[in-house]
Each structure stands twice: as C-alpha cells, then as structure tokens.
Student: 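Take this structure, written in structure tokens, and hold onto it; I'll ask about it next.
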Amino acid sequence: MKRRDFFVRAAYTAAGFGILRNLEACQTLGSTAIIPGSFAQLRDQYFIFHLARNPVTSTYLGGDAYHPNLESTNTRLRDYSAAAISGELAFYRSMRETLKRIQPVTLSAQEKVDYKVMVAQLDFLIHQLADLRYYQRSIDTYVAEPFRGVDWQMQQMQDIPGGMLGTAAEWDEVVARTLAIPAYLDAARANLLAGKRSGNLPDRRMVQRDGVAGSRSNADYFRNTLAKTAAGFIGSRGFGATTVPGIAAAGNKAAAAWEEFANFLTTTFDVNEAVDRFAAGEKEYEWRVRNVFGDTRSAAQLFEYGKEQVSMYTARLADVAKKFAAEAKLNIPFDTPAQRYAGIQAVMTFLSKDSPRDDDQLLRWYKESGERAVKFGRDNQLFDVPPTYRLDVHPTPPVLRSTIDAAYYPAPPFKTTGVGRFYLTPTGNDPAALKQNNFASVADTAVHEGFPGHDWHYKYMTANRAKISNIRWLTPGAVEDSSSMWSDSLASEGWALYAEELMSQPTATHPYGFYSAGEYLYELQGQLLRAVRIVVDVGIHTGRMSFDEAVDYFTEHVLFQPNARARASADPAARAAMDSAGRAMYRYSKWPTQAIAYNLGKNAIVNLRDEYKARRGSAFTSKDFHERFMSMGTIPVAYFKDSFLSGDVP
C-alpha cells in the first residue's frame with residue numbers, strides 16, 4: 001500500500017472519530033483552546049495536541065501520516081521554552097477540568113476504558129510539568145530525544161529499489177530536524193540553569209553518563225556518521241548532490257552544539273558530588289504505582305512481594321540446575337542452601353564456556369535464535385505467523401549504549417513504511433562480557449525482544465490498529481527516558497515476559513518447550529531478574545537501599561557473583577558482573593517504576609487469563625485470550641480488566 005493511500009484511509013478513519021471537523025476549527029497548530037464536544041472529540045483533540053507538542057513522539061508513532069496538522073512534526077523538536085511549557089500545562093489542566101463534566105456511565109465500554117487512560121495521562125503530565133518541574137533536570141531526555149527523532153525518521157523511510165531509503169522530501173525533513181538542535185539545546189540550558197537555581201538538580205550519574213558522555217557521542221554521530229549513513233541510503237540519485245552536503249553541514253552545526261552542551265554540563269554541575277539525587281521518594285513512588293499502574297499496593301508491600309518472587313524463582317532455578325548438573329555429570333552438590341546457590345553459579349559458569357568469539361558471532365546467534373523461535377511458533381501452531389514475517393537485529397547506536405543491553409523499537413503504527421528494530425549492544429569484544437552472552441543465554445532474550453515478544457506484539461497491534469484507540473498508543477512524557485510515564489511498559493514489557501514463560505510450556509517431545517535445558521535456566525534467570533528489579537527499584541527510590549547495596553544485591557541474586565565488588569579488581573568475571581549491574585542500576589535509578597513493570601505486568605496478564613478462563617469455561621482458548629489482550633493496546637490491565645472479563649470490550 002502506498003503511503004498516500006494509507007494517509008487517505010487514516011484521514012477517513014479520523015473523520016469518523018470527529019478529529020477533522022474539530023481540529024480544523026483550530027486556527028494554528030499551537031492553539032491551546034479546548035473545543036467543546038463529545039468525549040471522543042475531546043480525546044482526539046488531546047491526542048493531536050500532544051503529538052503536535054511532542055514531535056519525536058509523533059515520529060515514533062508515524063503521526064505525520066495520521067493527520068494533516070501533524071505533517072510537519074518530523075521537521076521539528078519539542079519547544080521547551082517557558083512560554084511553550086506554560087501553554088502545554090494550560091491545555092492539559094483545561095482538558096482535565098472538561099473531563100470532570102463527563103459522566104463515565106454515559107460512555108461506551110471502550111470509551112470508559114479510554115476515559116481512565118486519558119485521566120491518568122493528563123494527571124501525570126500535569127504532575128510532571130507543574131509539581132515536579134521535571135524539565136529542569138531531564139538531561140537524558142534532552143540528549144536522547146534529538147538522536148532518536150532522526151534515527152526513527154530513517155527507520156521508517158520508504159524503501160527504494162536497490163537497497164536505498166527515503167525520498168528527497170524525507171531527507172529534507174532530516175536536515176530540518178538536525179538544524180533545530182542548537183536552539184533546542186539553548187532551551188535545555190535555560191531550563192537546567194533554572195533548575196539549578198531552585199535546587200531541582202539532576203543526579204551526578206545522569207550528568208556524567210547521559211549528559212557529558214551522551215552529548216559527545218551525539219557530536220560524533222552528527223559530525224561523522226549521519227552524512228555517511230545518508231549518502232549510503234541516498235545512493236546515486238540526483239538529489240543527493242545537494243542533500244548529502246546539506247546533511248553534512250547541518251550535522252556539523254549540531255555537533256558543535258552538542259560539544260558546547262557537554263562543556264556546559266561539566267562547568268555547571270558537580271559530577272563528583274557525594275549526594276545522591278536520583279531517588280523519587282516513597283510518596284512519589286507510590287503515587288506513580290497507584291495513578292499510573294492502577295496498583296494499590298504500598299512500597300513496603302511491593303518490596304516484600306519482590307523478595308517473595310526472588311525466593312520462588314531462585315528455588316526453581318536450583319531445581320533445574322540440579323537436574324542439568326546430573327545429566328551433564330558435573331558432580332555438583334545441591335543439598336544445603338549454600339550448595340544450591342553455589343550450584344546454580346557453577347552450572348552458569350559451565351554454560352558460559354560456550355561463548356561467542358566476537359560480537360559478530362553474537363549477533364548471528366541472536367538472528368538464528370529468532371528464526372528458530374518463529375519456526376517453533378509455526379510448527380506448534382501457537383500463532384498464525386505470516387510467511388512475510390521477518391525479525392531484524394541491529395547493533396545499538398552508541399548514544400543509547402549506556403542504558404541498554406538489548407531493546408526493541410517498533411515500526412510506527414500509523415505508517416506502512418519502516419520495520420521494528422531489535423537492538424543488541426556490542427560488548428566491544430570483551431571476553432568476560434562475551435561469556436555473559438553465551439549461547440544458552442541468547443534464546444530467552446531473542447524471545448523477549450523478538451518472537452513472540454515485542455516484535456510480534458507490536459506487529460499484531462499495528463495490523464489490528466483499527467481496534468485500538470489513538471491515545472492507547474501514547475507514551476506521555478517521552479517515549480523512553482526519565483521523563484516517561486511508563487504506563488505502556490506494564491502492557492508491552494509484561495507481554496514480553498509473559499511470552500518468555502509461554503515458550504517454556506512443555507510439549508510431548510520437549511520438556512522445556514522451545515528451550516533446551518540450558519536455555520530454560522536462562523529463561524528462569526530472566527524471570528528472576530525481573531523479580532530482583534522490584535526489590536532494587538523500590539529499594540533505591542524509597543530509601544530502603546543505597547545505590548551500591550542495590551548493585552551488590554543484583555550481582556548476587558541475578559548474576560550469581562556474591563561479593564563481586566571485593567573481587568572485581570582481580571577477577572574478570574566479577575568485574576564484568578559489576579559493570580553489568582552498575583549499568584542496570586543506573587537505568588533503574590533514572591527510570592522509577594519502569595523496572596517493576598515487567599513482573600507486575602506479566603502477573604497481571606496471568607491473573608487476567610486465569611479469571612477469563614474461569615468465566616469462559618470450555619469456550620476458553622489461548623489464541624482468543626491473546627488476541628483480545630493485544631487488541632487492548634499498550635495500557636495497564638487495571639484500566640480494562642472489568643470490561644474485559646464482562647465481555648463488554650471485544
């Protein structure tokens with residue numbers, strides 16, 4: 001389908017929602033006026049306004065193909081000026097007050113769900129802008145957003161015969177967005193200085209890693225990589241003679257701005273201060289859990305729940321490790337608690353011997369595991385997988401490597417161009433780090449990020465986007481950084497963890513389903529990892545753990561390297577474990593509640609499935625449940641559970 005054909009269809013769909021006739025009443029894109037109307041009309045005004053004010057989020061979703069008022073968003077970055085932020089806040093407050101005049105009982109079943117979604121999103125955005133003034137300290141947002149905007153633009157460009165990408169107009173949009181970076185960073189500096197004056201400061205780790213290091217990575221990318229990448233995708237087409245030099249010139253201006261921003265950060269903030277500034281605090285943490293996730297548990301209850309989950313998965317790991325050790329004739333005792341713990345570590349060490357020789361082989365293993373997972377899904381009729389389905393694995397861009405080991409970024413749901421990207425962070429061919437990514441460890445991550453995890457989930461939702469209302473695609477605050485709301489993680493990460501467990505269900509010939517015994521150990525370790533995240537995330541953000549205590553807890557309970565800190569200087573494996581745990585803890589420290597979304601989301605799906613199965617009885621099928629769940633979009637189960645179980649939502 002041609003992109004223009006899709007846009008026309010999307011426009012007719014939008015008209016059905018009342019978007020067009022209401023938004024055309026707005027005289028300018030930046031209008032903050034609320035146009036009275038039905039709930040559906042208010043919802044659509046909010047959706048378009050939010051994407052217009054958050055251009056990179058619009059790019060992520062393919063907003064330029066959704067509505068005419070969003071066609072220019074790929075040329076812009078977010079306006080973080082004081083006037084723009086004030087206008088956003090006024091709109092959100094006005095919309096929130098308008099919603100109070102609507103009686104939810106008058107809405108359809110789907111609209112009742114959307115009402116809950118919209119209220120939660122607006123409350124978060126108002127809280128973030130007015131109460132927290134988070135834009136005064138969101139360094140990682142400022143550093144990641146421009147790069148992601150450009151990267152996602154290229155990811156979703158039109159395929160051109162001969163392996164090329166993008167039209168002249170699409171590459172002109174890249175130039176325009178790149179040229180917007182210096183002014184964007186000027187606004188960032190003004191906000192960060194205002195935050196410093198008021199004591200609203202970022203943590204030193206964010207200044208060092210995302211701020212200084214990330215800005216310098218951005219400078220290198222925009223000066224040295226962007227134009228070369230563009231030249232390869234543009235090829236010998238005539239417009240390249242002017243467009244490639246234009247991209248290079250814009251990239252040089254952006255690179256200079258990034259270097260200036262890095263220098264600004266080093267002279268403005270004390271990167272050696274001893275104070276930790278990452279903790280959200282118990283009150284804020286519980287507000288997020290309650291208002292964003294719809295979970296009524298206190299921080300204390302979640303902390304204890306996490307410990308229970310850690311104990312349960314550790315016991316399961318020990319049981320499987322004991323069986324594996326016996327079959328492999330490793331002669332490892334598992335009689336006492338200490339022996340069971342040491343036994344798990346010994347089996348993992350045994351499995352780590354089958355490690356890739358370099359990053360290239362590691363990347364191939366991931367691709368092959370993904371292909372094998374798809375074949376398993378087809379052979380066992382778990383899903384209807386079309387023959388055209390493909391899973392791509394790409395090295396993580398340098399600017400994102402400080403945060404992730406592996407991640408998935410979906411194709412824009414409102415476009416037909418672009419493919420989802422499964423990112424894998426290279427180890428730099430470090431032998432100890434390669435051992436952490438041994439052959440047995442690959443399959444579980446391939447399932448989580450690929451099939452039937454994120455890649456399959458997003459492809460299914462995109463194929464069925466007509467069932468999913470617009471605001472259920474939103475990621476308020478940001479797509480993925482410390483400004484994010486993270487409500488989408490409860491559904492998307494919960495599903496991916498659910499997929500890991502689903503693929504372990506035994507078959508007649510395979511006791512661990514898709515996995516070998518060694519791979520199943522890593523699947524259990526993946527479940528354990530997400531349980532540990534509850535303990536450390538709640539711990540560091542509510543004062544129950546220090547940063548270093550959380551790192552030590554992680555190395556012991558996830559990587560099975562007790563006392564790694566004391567051994568790191570002389571033991572490469574302990575050093576690699578400390579590095580891995582340190583990166584993980586940094587991510588959790590700047591993203592409060594995101595780390596707990598995996599386990600909480602997975603168990604919410606399991607509980608929903610069990611309740612739905614009890615109600616449906618013999619009419620229950622897993623395929624029906626899974627398709628209904630995925631058709632709800634990336635929103636927490638708490639928002640739609642009652643309607644789902646009653647059958648009110650299809």
Student: Does the distance from a Lys or Arg side-chain N to an Asp or Glu carboxylate O, for D203 and K590, drop under 4.0 Å?
Tutor: no
Student: Using only atom types and a distance under 3.5 Å, with no angle test, would you say the side chain of H557 pairs donor to acceptor with the backbone of P562?
Tutor: no
Student: Among R177, Q153, Q156, which residue meets the side chain to side chain donor-acceptor pair (under 3.5 Å) test with T59?
Tutor: R177
Student: So which heavy atom on V174 is nearest to which on M157, and how close?
Tutor: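 For V174 and M157, the tightest heavy-atom pair comes out as CG2-CE, 3.6 Å.
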Student: Using every non-hydrogen atom in the two residues, find where M578 and T555 come nearest and quote the distance to one decimal.
Tutor: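 Smallest interatomic distance, heavy atoms only, reads SD-CG2, 4.0 Å.
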Student: Go through the structure and list residues passing ring pair (Phe, Tyr, Trp, His ring centres under 6.0 Å) with Y522, not counting sequence neighbours.
Tutor: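 By the ring pair (Phe, Tyr, Trp, His ring centres under 6.0 Å) rule, Y522 matches no residue at all.
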Student: One thing to verify: whether D548 and R565 come together as a salt bridge, which I'm taking to mean a side-chain N less than 4.0 angstrom from a carboxylate O.
Tutor: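 Counted as a salt bridge, because a side-chain N and a carboxylate O are separated by less than 4.0 Å.
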Student: Less than 4.5 Å apart, any side-chain heavy atom of S482 and any of W591?
Tutor: yes
Student: Who are the side-chain hydrogen bond (donor to acceptor under 3.5 Å, both in side chains) partners of D276, not counting sequence neighbours?
Tutor: R204, R205
Student: Can you tell me how far the CG atom of N380 sits from the CD atom of Q505, to the nearest 0.5 Å?
Tutor: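 Those atoms lie 12.0 Å apart.
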Student: Do you know which two heavy atoms are closest between G377 and F451, and how far apart they sit?
Tutor: CA-CE2, 3.9 Å
Student: I'd like to know whether the aromatic ring centres of F293 and W486 sit less than 6.0 Å apart in this structure.
Tutor: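 Between W486 and F293, which both carry aromatic rings, the centre distance is not below 6.0 Å.
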Student: Where do T427 and A433 come nearest, in terms of heavy atoms and distance?
Tutor: CB-CB, 3.8 Å
Student: Report the residues that fulfil side-chain hydrogen bond (donor to acceptor under 3.5 Å, both in side chains) with Y520, sequence neighbours left out, ordered by chain and then residue number.
Tutor: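 Applying side-chain hydrogen bond (donor to acceptor under 3.5 Å, both in side chains) to Y520 gives none.
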Student: If we count only N and O atoms by modelled type, under 3.5 Å, do the side chains of N599 and Y305 hold a donor and an acceptor together?
Tutor: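 There is such a pair between these side chains.
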Student: Take V143 and F261 through the test side chain to side chain contact (heavy atoms under 4.5 Å, CB included) and record every step on the way to the result.
Tutor: CA-CA 9 Å; V143 173; F261 192 65; 4.1 Å; yes
Student: Under the 3.5 angstrom rule, does the side chain of S311 hit a backbone N or O of E308 as a donor-acceptor pair?
Tutor: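 No, S311 side chain to E308 backbone: no donor-acceptor pair under 3.5 Å.
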Student: Is there a side-chain contact between M503 and P452 in this structure, where contact means two heavy atoms from C-beta onward sitting under 4.5 Å apart?
Tutor: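 Yes. Closest side-chain heavy atoms under 4.5 Å.
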Student: Atom CZ of F560 and atom CD of Q525: how far apart are they, to the nearest 0.5 Å?
Tutor: 5.0 Å
Student: Heavy-atom count around F376 CZ within 6.0 Å, excluding the residue itself: above 12?
Tutor: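 Atom CZ in F376 is packed in, count exceeds 12.
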Student: What about the rings of F147 and Y221, do their centers lie closer together than 6.0 Å?
Tutor: yes
Student: Mind telling me whether Y460 and W456 have parallel, tilted or perpendicular rings, with 30° and 60° as the class edges?
Tutor: tilted
Student: Has the side chain of Q561 got a donor or acceptor atom that lies under 3.5 Å from a matching backbone atom of D552?
Tutor: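 Such a contact is absent between Q561 side chain and D552 backbone.
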Student: Report the residue from K602, H448, R530 that forms a side chain to side chain donor-acceptor pair (under 3.5 Å) with E493.
Tutor: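 Looking at K602, H448, R530, the match for E493 under the side chain to side chain donor-acceptor pair (under 3.5 Å) is H448.
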Student: Is a donor on one side and an acceptor on the other found under 3.5 Å between the side chain of Q155 and the backbone of D151?
Tutor: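 Judged by distance alone, no pair lies under 3.5 Å.
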Student: Do S369 side-chain atoms and A446 backbone N/O form a donor-acceptor pair below 3.5 Å?
Tutor: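 Not a single qualifying donor-acceptor pair exists.
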Student: Does R575 pair with D579 as a salt bridge, N-O distance under 4.0 Å?
Tutor: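 D579 and R575: not salt-bridged.
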Student: Find the distance between OH (Y285) and CG (L302) and round it off to the nearest 0.5 Å.
Tutor: 6.5 Å
Student: I'd like to know if the side chain of H626 reaches the main chain of S622, judged simply by a donor and an acceptor atom lying under 3.5 Å from each other, with no hydrogens or angles considered.
Tutor: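 Yes, because the side chain of H626 sits within donor-acceptor range (under 3.5 Å) of the backbone of S622.
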Student: Can you tell me if Q361 uses its side chain to pair, donor with acceptor, with the backbone of R357 under 3.5 Å?
Tutor: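 Pair found, side chain donor or acceptor close to backbone of R357.
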Student: Does V310 offer a backbone N or O that forms a donor-acceptor pair with the side chain of T314 under 3.5 Å?
Tutor: yes
Student: What do you reckon, are the aromatic ring centroids of F422 and Y408 less than 6.0 Å apart?
Tutor: no
Student: Is the closest basic N to carboxylate O distance between R587 and E480 below 4.0 Å?
Tutor: no
Student: Minimum heavy-atom separation for A478 and S484, please, with both atom names.
Tutor: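 Minimum heavy-atom contact is O-OG, 3.2 Å.
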Student: Should D379 and K375 count as an ion pair when the cut-off is N to O under 4.0 Å?
Tutor: yes
Student: Return yes if some donor-acceptor pair links the side-chain N/O of T462 with the main-chain N/O of K459 below 3.5 Å, else return no.
Tutor: no
Student: Are any side-chain N or O atoms of N438 and backbone N or O atoms of S441, one a donor and one an acceptor, separated by less than 3.5 Å?
Tutor: yes
Student: Of the non-hydrogen atoms in P426 and D359, which two are nearest, and what is the gap between them?
Tutor: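 Result for this residue pair: CB-OD2, 3.5 Å.
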Student: If we ignore angles and hydrogens, is there a donor and acceptor under 3.5 Å between the side chains of D210 and Y142?
Tutor: no
Student: Does a donor on one side chain and an acceptor on the other come within less than 3.5 Å for Y60 and R148?
Tutor: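 Looking only at side-chain atoms, R148 and Y60 do not form any donor-acceptor pair under 3.5 Å.
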